[in-house]
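Residue numbers begin at 1 in each chain, while the letters A, B, ... track the order of the sequences.
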Amino acid sequence: MPPSPSADFGPWTPWTTGPRFTPRSLAETLDGGQAFRWRRAADFFEGRWDDRVVRLRLLKDRLEYAAPTGVDPLPALRSYLAAEVDFAALTDELPWRSDPVLRCAIEAFPGLRLLRQPLGETLLGFLCSSTKQIVQIKAICESLAADLGPALPDGSRALPGWERLAEAGEDRLRAAKLGYRARHIHQTARFLAERPGWLDELAEAETGPARERLLQLPGVGRKIADCVLLFGLARYEAFPIDTWVLKLLAQAYGLPAWSPAQLQDFARIHFGPRAGLAQQYLFAAARAGIIRA
DNA sequence: GCACAGGTAGATT
DNA sequence: AATCTACCTGTG
């Protein structure tokens, strides 16, 4: 966890037109595994992305935000929370009427959203994620920021950019608790450092080609590619299949022994063009033990 | 001590 | 194309 340095934060500001959450769906959205740099304080969440430090809390089911003095975080916050996207409407387009498992998951997390995070940070976070628990991934991100990241207004540090990661040797990355992931990140950092604009071009590509390009990166397979597409590029058709979703599809949906490729087809056909949103509800419900997986 | 964790890549069958 | 296996390390 980041030490919460002595920062002067501005006053809490109500965001009256902001997204609606329940305590549970806010926690799940910010700290449920889409992003890895939120921490829970007594009665608020504190998160970091790009050069931002933002606090969020729920007061009578309305969102309030605060930021270091003199900073207006609202434009960045709107983008990060994809505030213009009507997730309730997208959720209603999912096949919950005919799918009791999905319906149960949706009812458990009303207000759940898909974040729109900076692309590079999303890639970095999920390159750290393989066979790690969320708390561990968060610890790795903190370690990377502490060792290599630029300072933020409150005295904490941002995640390092790819140029900085490319400069740092693989051994230095291993020191950040990365284990074998250090090699992947080192190689990906060098790949990206040699190709300025590569990530920007990726953002312009259609989802299929964008996925193919992500798969070129060392350490990026189908699951991580889909996480980057879903949480970094708002490609809601992307359906990451991790161990939770794999078990859930096998058990709750009665699809044991289906291959990942077959399950991808099932998800696309059954859940449709917003399959990634369904995945997030199901992932949340499975982890919470609401759906047996 | 040992299995397991939001996987991927390379080898083997 | 489906099935192993190594890869690091913290956690229970």
Side-chain angles (χ1 to χ4, degrees), chain A residues 1 27-38 105 109 112 114-115 117 121-144 146-147 168-192 211-233 235 238-252 255-267 275-291 293:
Chain A
M1 295 305 99
E28 188 64 27
T29 298
L30 300 179
D31 202 23
Q34 296 188 54
F36 302 109
R37 296 212 71 198
W38 287 89
F109 293 93
L112 186 71
L114 291 166
L115 299 175
Q117 302 177 73
E121 291 189 1
T122 312
L123 175 60
L124 177 58
F126 282 95
L127 273 172
C128 297
S129 74
S130 81
T131 58
K132 284 289 183 192
Q133 299 179 123
I134 292 172
V135 288
Q136 255 292 54
I137 302 165
K138 289 170 69 171
I140 292 172
C141 288
E142 290 320 309
S143 185
L144 281 174
D147 187 34
E170 181 180 327
D171 292 340
R172 185 124 178 227
L173 297 178
R174 280 186 186 262
K177 313 176 188 178
L178 273 169
Y180 64 83
R181 301 156 197 82
R183 181 159 38 90
H184 295 151
I185 291 176
H186 177 67
Q187 291 176 349
T188 288
R190 293 188 52 176
F191 179 100
L192 293 176
R211 180 184 292 112
E212 292 308 311
R213 297 191 61 175
L214 281 167
L215 290 173
Q216 296 173 15
L217 299 173
V220 176
R222 177 64 190 249
K223 189 271 179 184
I224 291 179
D226 280 349
C227 285
V228 174
L229 291 169
L230 186 58
F231 307 135
L233 285 176
R235 306 301 173 90
F239 190 89
I241 297 181
D242 57 51
T243 58
W244 287 98
V245 172
L246 188 67
K247 287 184 217 168
L248 185 146
L249 291 174
Q251 296 186 31
L255 307 173
W258 282 41
S259 72
Q262 289 172 315
L263 291 173
Q264 289 286 348
D265 288 339
F266 168 81
L277 183 57
Q279 182 272 357
Q280 206 56 31
Y281 282 112
L282 295 172
F283 176 75
R287 273 202 330 132
I290 293 166
I291 294 174

Fill in the blank from the handout: Comparing G219(A) with K132(A), nearest DNA chain B nucleotide closer to 5' gives the residue K132(A)
Handout entry: Polar contact flag, side-chain donor to acceptor under 3.5 angstrom, T188(A)-R183(A)
Key = no
Handout entry: Distance in Å, L173(A) CG paired with D147(A) CG, rounded so as to fall on 0.5 Å steps
Key = 8.5 Å
Problem - Ion pair check, E142(A) and R37(A), cut-off under 4.0 Å - result: yes
Exercise for the section: For G33(A), answer base if it contacts any base atom (sugar-phosphate contacts may also be present), sugar-phosphate if it contacts only those atoms, and nothing otherwise; contact means non-hydrogen atoms under 4.0 Å. Expected result: base
Handout entry: Interatomic distance where CG belongs to L123(A) and C1' belongs to dT8(B) [whole Å]
Key = 14 Å
Problem - Rounded distance (Å) that lies between atom C1' of dA5(B) and atom CZ of F126(A) - result: 15 Å
Handout entry: Contact under 4.0 Å: K247(A) side-chain N or O vs dA5(B) OP1/OP2
Key = yes
Problem - Aromatic-base stack, Y180(A) on dC8(C), cutoff 5.5 Å, angle under 30 - result: no
Practice task
Send over the distance from Q133(A) CD to dC4(B) C1', rounded to a whole Å.
Solution key: 8 Å
Exercise for the section: Select base, sugar-phosphate, or nothing to describe what R287(A) touches, counting heavy atoms under 4.0 Å on all strands. Expected result: nothing
Problem - Value in whole Å for how far the P atom of dG7(B) lies from CD1 of I134(A) - result: 10 Å
Practice task
Indicate, with a heavy-atom threshold strictly under 4.0 Å, whether Q279(A) touches base, sugar-phosphate, or nothing.
Solution key: base
Handout entry: Length of the line joining I185(A):CD1 and dT9(C):C1', which is rounded to integer Å
Key = 14 Å
Fill in the blank from the handout: Which of dC7(C), dG10(C), dT8(B) is nearest the side chain of Q136(A)? It is dG10(C)
Practice task
May I ask you to say what I140(A) touches in the nucleic acid, namely base, sugar-phosphate or nothing, with a heavy-atom cut-off under 4.0 Å?
Solution key: nothing
Fill in the blank from the handout: Against the side chain of S130(A), the closest entry in dC8(C), dG10(C), dG7(B) is dG7(B)
Practice task
For dC8(C), take OP1 and OP2 only and decide whether either is under 4.0 Å from a side-chain N or O of R174(A).
Solution key: yes
Problem - Rounded distance in Å - CZ (R181(A)) to P (dC7(C)) - result: 13 Å
Completion exercise
note: I137(A), atom CD1; dT9(C), atom P; distance rounded to Å ~ 16 Å
Handout entry: Nucleotide dG7(B), atom C1' - distance to CH2 of W244(A) in whole Å
Key = 16 Å
Handout entry: N-O pairing of D226(A) and R235(A) below 4.0 Å
Key = no
Practice task
Under 4.0 Å between any heavy atoms, over every strand shown, what does G125(A) touch: base, sugar-phosphate, or nothing? Just pick one.
Solution key: nothing
Exercise for the section: Return the 5'-most residue of the pair Q34(A), H184(A) with respect to DNA chain B, ranking by each residue's nearest nucleotide. Expected result: Q34(A)
Handout entry: Nearest-0.5 Å distance that lies between atom NE2 in H184(A) and atom CD in E170(A)
Key = 9.5 Å
Exercise for the section: Under 4.0 Å between any heavy atoms, over every strand shown, what does K177(A) touch: base, sugar-phosphate, or nothing? Just pick one. Expected result: nothing
Practice task
Spell out yes or no: do the side chain of K223(A) and the base of dT8(B) have one donor N/O and one acceptor N/O closer than 3.5 Å?
Solution key: no
Practice task
Counting Watson-Crick and G-U wobble pairs only, both distances under 3.5 Å, name the nucleotide matched with dC7(C), or none.
Solution key: dG7(B)
Handout entry: Heavy-atom pair of closest approach, residues Q34(A) and Q117(A)
Key = O-NE2, 2.7 Å
Exercise for the section: Classify the nucleic acid contact of Q187(A) as base, sugar-phosphate or nothing, counting any heavy atom under 4.0 Å across all strands shown. Expected result: nothing
